[in-house]
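For reference, the structure is listed below as structure tokens.
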Amino acid sequence: MVDGHVVISVLVLTLYLLLAYLAGRLLLAAAFDRVDGMIAAAAPLVGAAAFAFQLWAYGVVHLGWNALTLLLPWVLAALLAQRRFRDALNGDWVSVRDFWGRRSADRLDVVLIVAGLAIAGVYLLALVTQPITGSDAIAMWLFKAKVFFDHQAVDLSSIASLPTGPTRHLDYPPLFPLMVATIYTLIGHVDDILGKAVNFLFLVTAVATVLSLIATTLNRRLAIVWAFLLVAIPLFNSSLLDSRAMGYADYALGILIMMSLAHLYRVERGDGLAHAGLALLFAGLAALTKNEGLVFLLVVTVLLAVLVIPRLRKETPSAASVRRLFGLLALAVVPVVVWQALIRSLGIQSDLLTARNWHLLIPALPGRAWTILRFVRESSSFRSDYPWLAMSYLLSAVLLAINRVRAGTAVFLAVSAQIASYFLVYLLTPYDLNWHLATTFDRLVTQIAPSLIVLLGLLAGPWLASVRAELEASRARRPVRTVLGGPVA
Amino acid sequence: MSDSRRLAAAIRGLSLLFITVWAIRSLVVTGATVLNQPFGAMLRTPPGQAQASTGSGFARSLIPLQSLIPKTDRVYLLWDGQQDDGLRAYAYFWSSYWLYPRRVTVSSSADGIDPARFDTLVHVTLGAPPAHAQLAQLTPDHVLRYEDGFTVTTYRLVPAHG
């Protein structure tokens, strides 16, 4: 007999996903005149982030956190924009129907879809049933969610006033705990185990985005292959299946980085400015999820400036689309600035920014670099995904060099800059380097892995798609032959 | 076909092979991991019960303590488990999380037990605890014993009158 609490948890998480999608879709419909499949696929994350910001704002104005105060504004907004909202939902339904109903699935498609769905289903079950055992989940992420919900505000001073103990890293940004607190707000109480299942939202949004991105730019078969990889690579088992790493924000950050890069790629291809806005928005959300996202936000802003400013000069887009772009820039950057100002006003700073003895550190840098490289090499057993991800990165670099199409360069540069920033942090860490590597390396790989998978898809995909198209064309031209070459009777 | 075009074709072929092998490997490894999950237990066990039976005896004790200690209490947790920084951090993070909103002070010394500042004392021991004179006059409220050697005892602290 299935336990009732498990069933309720699955239903609540599904409801949260649905509400986040509806809220996000409402916002996207209001923000953009034309919403393509990939923008629509971002809706659950946009909605979940909007709920989180809503709770943050309620805390500032001392408005209670409950399902009514959370959802009522959205119901009113949906009523006001009824026709537009209904058209948007209809459009999404048609897109989904077209994607799956365009042609009958062949055997490989079916295997990948069924296996991917089964794996995702088990992730969902594990997320809502497994206990919390990860130290960072208990010490930081879920603790903050609990305190925020209890105080109905992003109240860091209340945590700082607790009896002293080891550091809780109050500088870690608030988005992930606020998303967990959104689930608590919907159900009206803290449910520690259900709260950590918020990572499922990231999985669903990532899969929808990759399906749409690769199906739009390449073809459906490749979209299914890459979405399957994103679900099934064993590295993500730890975040979605293993209780020791559940409730951590690294997987969420990895997906936000990937989402930003997916939209950056569309900007590189010359698609609408809406993608530039969403690339910025997701980079901003990454910076509000973990501090590693701050470097990423900076890198994406610079790359977008390089890509978009010449376009703005040449194409003279409508005033409305430029306004929207700057609106999304503000949405991406302002909460990050507010958060950084807030923690500084409370005298909180990252432990990585503590003073160093540069006279001792600088001569030690070559030795430290060697230690980092040695650790990476020793970690790269073929039992793990690390060598596969490294190979994926190297192949992407080579493909970029030989591809005639340059789209994907900005994505490659952003991924490379993020990896370089990790290396730099290790190089300069005030902690014991070996300890820092041993306790964080796997999580940093989790943060970059979704982007490495998608990067290879973007760079290898155009060729794979053209080969497939050539094969199909030649099949159509020639009479059907048997394996041995004789014509079919 | 020129050498450079042949090289490009080889690299592209390699990427196709790589993706295929990577997808198959992911299917096999994650498939095996997924199939090894205890589905029956996951579906039948209430999540709260799963939490209460996971981890060390100390971690497990915190779940029943949620209903044994009033939510408004100020708690002094006397840690007589293994004495190293990591384990003291473990005691601090786990107790402050699971006993929240109670304010928990964790210490390895009984000197800080002050009935004027704390309402409940939680004494965590592993193996044979050292003798604490401060505890001699207190009467235990609840004693929770676990097979890994952890014993968790709660005491109600009553301020002396006058």
Side-chain angles (χ1 to χ4, degrees), chain A residues 1-6 9 111-112 115 118-119 122-123 125-126 128-133 135 138-139 142-143 146-147 150 162-166 168 190-194 225-226 228-229 231-234 236-237 241 243 383 385 388 391-392 395 398-399 402-403 456-457 459-460 463-464 467, chain B residues 4-5 7-9 11-16 18-23 25-35 37 39 41-55 59 63 74-76 85-86 88-98 100-101 103-107:
Chain A
M1 185 72 181
V2 178
D3 175 67
H5 196 115
V6 174
S9 295
V111 168
L112 293 177
I119 292 168
V122 176
Y123 286 158
L125 182 63
V128 300
T129 58
Q130 293 301 289
I132 304 164
T133 58
S135 63
I138 285 179
L142 299 180
F143 184 77
K146 203 179 241 194
V147 175
D150 185 45
L162 289 171
T164 53
R168 278 193 198 275
V190 172
D191 185 331
D192 305 283
I193 295 173
L194 175 60
V225 170
W226 256 271
F228 173 77
L229 256 183
V231 172
I233 74 160
F236 298 147
N237 292 179
L241 208 55
S243 67
R383 286 184 183 171
D385 276 307
W388 298 87
M391 183 74 181
S392 170
L395 263 178
V398 175
L399 285 164
I402 65 172
N403 274 359
L456 182 62
L459 294 173
W463 178 77
L464 297 178
V467 167
Chain B
S4 62
R5 291 190 77 180
L7 178 68
I11 291 168
R12 286 160 175 163
L14 180 68
S15 62
L16 176 61
F18 175 73
I19 283 295
T20 309
V21 176
W22 197 7
R25 174 189 179 269
S26 297
L27 179 62
V28 170
V29 176
T30 298
T33 309
V34 159
L35 289 174
Q37 295 302 304
F39 292 107
M42 283 159 102
L43 287 167
R44 280 194 303 270
T45 314
Q49 195 180 313
Q51 186 71 55
S53 56
T54 300
I63 308 302
R74 297 158 299 169
V75 176
Y76 190 92
D85 288 346
R88 271 194 293 275
Y90 167 64
Y92 174 74
F93 286 134
W94 258 246
S95 59
S96 54
Y97 181 82
W98 289 108
Y100 187 86
R103 297 170 66 84
V104 183
T105 299
V106 176
S107 174

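Side-chain atoms are counted along with the backbone in the values below, which use heavy atoms only and exclude waters and symmetry mates. The model shown is predicted, which means the values in this text are computed figures rather than measured ones.
- Of the two parts of B:Val21, the backbone and the side chain both hold a non-hydrogen atom closer than 4.5 Å to a non-hydrogen atom of chain A.
- No side-chain heavy atom of B:Trp22 sits under 4.5 Å from any side-chain heavy atom of A:Met391.
- Paired with B:Thr33 under the rule side-chain contact (heavy atoms from CB on, under 4.5 Å), one option of A:Val122, A:Ile119, A:Asn237 passes, and it is A:Asn237.
- Residues B:Arg25 and A:Pro234 are in side-chain contact: their nearest non-hydrogen atoms beyond the backbone lie under 4.5 Å apart.
- The side-chain heavy atoms of A:Asp3 and B:Leu43, taken from C-beta on, include no pair separated by under 4.5 Å.
- Between chain B and the options A:Val2, A:Leu399, A:Val231, A:Leu229, heavy-atom pairs under 4.5 Å are most frequent for A:Leu229.
- A 4.5 Å side-chain heavy-atom check between B:Trp94 and A:Ile132 finds every atom pair outside the cut-off.
- The part of A:Val225 that comes within reach of chain B is its side chain, from C-beta onward, which places non-hydrogen atoms under 4.5 angstrom from that chain.
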Is there a side chain to side chain contact (heavy atoms under 4.5 Å, CB included) between B:Tyr90 and A:Ile138 once you walk through the steps? CA-CA 10 Å; B:Tyr90 167 64; A:Ile138 285 179; over 6 Å; no

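- By the 4.5 Å heavy-atom criterion applied to side chains, B:Ser96 and A:Arg168 are counted as neighbours.
- Looking only at atom types and distance, the side chain of B:Arg44 has no donor-acceptor partner in the side chain of A:Thr129 under 3.5 Å away.
- Of the candidates A:Leu194, A:Val6, A:Asp191, B:Pro47 forms a side-chain contact (heavy atoms from CB on, under 4.5 Å) with just one, namely A:Val6.
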Trace of the side chain to side chain contact (heavy atoms under 4.5 Å, CB included) decision for B:Thr30 with A:Phe236: CA-CA 9 Å; B:Thr30 298; A:Phe236 298 147; over 6 Å; no

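- One distance of note links NE2 of A:His5 with CD of B:Gln49; it measures 12.0 Å at 0.5 Å rounding.
- Proximity to chain B (any heavy atom under 4.5 Å) is restricted, for A:Leu395, to the side chain, taken from C-beta onward.
- The most heavy-atom pairs under 4.5 Å with chain A, out of B:Val106, B:Thr45, B:Leu14, B:Thr20, come from B:Thr45.
- If you measure heavy-atom distances from B:Pro46 to chain A, the contacts under 4.5 Å come from both the backbone and the side chain.
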Applying side chain to side chain contact (heavy atoms under 4.5 Å, CB included), run through B:Leu27 and A:Phe228 and close with a yes or a no. CA-CA 9 Å; B:Leu27 179 62; A:Phe228 173 77; 3.6 Å; yes

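- Looking only at heavy-atom pairs under 4.5 Å with chain B, the residue among A:Gly4, A:Ser135, A:Pro131, A:Ala118 that has the most is A:Pro131.
- The greatest number of non-hydrogen atom pairs below 4.5 Å with chain B, out of A:Asp150, A:Val111, A:Thr133, is found for A:Asp150.
- Contact of B:Thr54 with chain A is made through the side chain alone, with heavy-atom distances under 4.5 Å.
- No donor-acceptor pair closer than 3.5 Å links the side chain of A:Lys146 to the backbone N or O of B:Tyr100.
- With a threshold of 4.5 angstrom between heavy atoms, A:Ser243 does not approach chain B through any atom at all.
- For A:Val128, the part sitting under 4.5 Å from any heavy atom of chain B is the backbone (N, CA, C, O) and nothing else.
- A:Leu456 has its side chain within reach of B:Phe18: a pair of non-hydrogen atoms, C-beta onward, lies under 4.5 Å apart.
- Within the 4.5 Å cutoff, no side-chain heavy atoms of B:Gln51 are placed close to those of A:Asp192.
- Only the side chain of A:Ile193 comes within less than 4.5 Å of a heavy atom of chain B; its backbone N, CA, C and O stay farther away.
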